[in-house]
Amino acid sequence: MQLLTPSLIFVGYIHMSELQTAAPLFNTVALIGIGLIGSSIARAARVRGTLACRVVANARTSATLNRVRELGIADTCELAPEDAVADADCVILCTPVGAFASVAESIGPHLKPGAIVTDVGSTKQSAIRDILPHLPENVHLVPGHPMAGTEFSGPDAGFSDLFEGRWTLLTPPPGTNPEAIAKMKEFWKRCGAMVSVMDPGHHDRVVAIVSHLPHLIAFTICGTADDLADETRQEVLQFAASGFRDFTRIAASDPVMWRDIFLNNRDALLEMLARFTEDTQAMARAVRWGDAAYIEDKVHRGRKIRQALIDLKQA
Ligand code: NAP
């Protein structure tokens, strides 16, 4: 299986003392969408001081922009995306991935020559498919995906060190300007992230197993519990053990964001789901026939994976 043979290029951390002396990487960064991820970038820019001289925020609603003003996390707020990008040398799409095509279409004609357009979306082949056709020739697309987040949404949910010690994956299409890629690597390093560059299709297969399938399972198990007879459902809630509680935390995520992720990573997600379904059938058979060794082996493998995550400081 090709999934575990990625072409990763580890770029590494940047030291905090280097940060404080470095000049801002961009003059103006425009955030199109400022929820959990966008507001975390805005806060990182404020706290670190070396990402951008100026941050412009855009959201779909004026209610969100009013909240951003109250929080004081952006220098300027613009309700029209084309106004937000007019002076930007870096534009970051931070909306649900299903909105990328319409956002790219509206900002495309207003982008500054030489600007870098990037995004934080969780599906990368669809990001390239939806954004690239709307960009002028003299603009660089460097798609990205910070592998950091929580189940909360909106500008109040963000925090400046969300990306600290976490991976950001960049998936530039073939032929992307190397200087633009280098600049986005540096941007994420200055956010505290570790960076690697990956093929977009490979990215989508990796996140299907490490993120999208676990969410699908969490939404499904909560649905199954909710379908139980009234009396049993009450007991599920009252006596929820840590296993079920952990699923409910994941299942509390934003419905629109996850709808868009599932629909835009359909092939990889269905492939991983098919493999998983086969494995659950094998486990069901082991339980039915009392195959204790099989069950024990699976639990051992789970423990090994947990320990490996702890060792990599990604737990
Ligand atoms: P969020 O908190 O829900 O914020 C979404 C932002 O996008 C809001 O400012 C919203 O504006 C705006 N928006 C929503 N729909 C829009 C539309 N149709 N057109 C234009 N703007 C729209 O979302 P998030 O959690 O930051 O996620 C943003 C992106 O990051 C997604 O693509 C997601 O896949 C990716 N991502 C998320 C996580 C995570 O854990 N949350 C982790 C990694 C990557 P209003 O508030 O005005 O509606």
Side-chain angles (χ1 to χ4, degrees), residues 30-44 55-71 73-74 77-85 91-107 117-131 134 143-160 162-164 166-171 188 191 193 195 200 203-204 206-208 210-212 214-216 218-219 249-265 269 314:
L31 300 168
I32 307 300
I34 181 153
L36 167 70
I37 302 292
S39 76
S40 295
I41 296 174
R43 287 178 171 93
V55 171
V56 182
N58 161 264
R60 182 175 45 170
T61 62
S62 39
T64 295
L65 283 187
N66 287 340
R67 184 62 189 142
V68 169
R69 284 188 193 98
E70 283 168 11
L71 292 168
I73 53 177
C77 291
E78 297 283 1
L79 194 53
E82 50 274 28
D83 293 339
V85 304
V91 175
I92 312 180
L93 272 51
C94 305
T95 68
V97 292
F100 282 2
S102 64
V103 167
E105 188 179 10
S106 57
I107 63 173
V117 173
T118 183
D119 73 294
V120 296
S122 308
T123 58
K124 301 291 20 132
Q125 290 177 109
S126 74
I128 295 169
R129 177 198 69 204
D130 291 347
I131 302 170
H134 301 290
H145 179 199
M147 303 286 289
T150 71
E151 66 276 28
F152 302 111
S153 305
D156 284 283
F159 46 101
S160 64
L162 176 65
F163 312 110
E164 190 76 52
R166 309 306 302 273
W167 286 96
T168 290
L169 308 178
L170 298 180
T171 63
W188 284 107
C191 286
V195 184
H203 165 279
D204 287 357
V206 171
V207 295
V210 302
S211 170
H212 304 173
H215 276 81
L216 184 149
F219 300 136
R249 185 190 62 72
I250 299 173
S253 303
D254 185 70
V256 171
M257 179 178 124
W258 281 97
R259 175 202 70 191
D260 284 3
I261 290 173
F262 286 4
L263 295 180
N264 283 284
N265 200 18
L269 178 56
Q314 296 297 311

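When a ligand or atom number is given, it counts from 1 through the structure's own listing order. Note: hydrogens, waters and symmetry copies are ignored here, and every other heavy atom, side chains too, is used.
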Next on the checklist: Strictly distance-based, threshold 3.5 Å: is any side-chain N or O of Asn58 a donor or acceptor partner for the main-chain N or O of Leu79?
Outcome noted: yes
Next on the checklist: Distance under 4.0 Å, heavy atoms only, partner ligand 1: which residues pass?
Outcome noted: Gly33, Ile34, Gly35, Leu36, Ile37, Ala59, Arg60, Thr61, Thr64, Cys94, Thr95, Pro96, Val97, Ala99, Val120, Gly121, Ser122, His145, Pro146, Ala148, Gly149, Thr150, Ser153, Gly154, Met257, Ile261
Next on the checklist: Please evaluate residues Arg166 and Met147 with respect to the criterion side-chain contact (heavy atoms from CB on, under 4.5 Å), reporting the C-alpha separation (whole Å), side-chain torsions for both, the decisive distance (0.1 Å), and the verdict.
Outcome noted: CA-CA 6 Å; Arg166 309 306 302 273; Met147 303 286 289; 5.6 Å; no
Item to check | Shortest non-hydrogen contact between Phe262 and Leu269, atoms and distance | outcome: CD1-CD2, 3.6 Å
Next on the checklist: If you take the centroid of each ring, where Trp contributes its six-membered ring, are Trp258 and His212 closer together than 6.0 Å?
Outcome noted: yes
Next on the checklist: Using the rule given for side-chain contact (heavy atoms from CB on, under 4.5 Å), can you reason through Asn265 versus Val97, listing the C-alpha separation, both sets of side-chain angles and the distance that settles it, and then say yes or no?
Outcome noted: CA-CA 10 Å; Asn265 200 18; Val97 292; over 6 Å; no
Next on the checklist: side-chain contact (heavy atoms from CB on, under 4.5 Å), that's the test. Do Ile34 and Ser39 meet it? Break it down for me.
Outcome noted: CA-CA 5 Å; Ile34 181 153; Ser39 76; 3.8 Å; yes
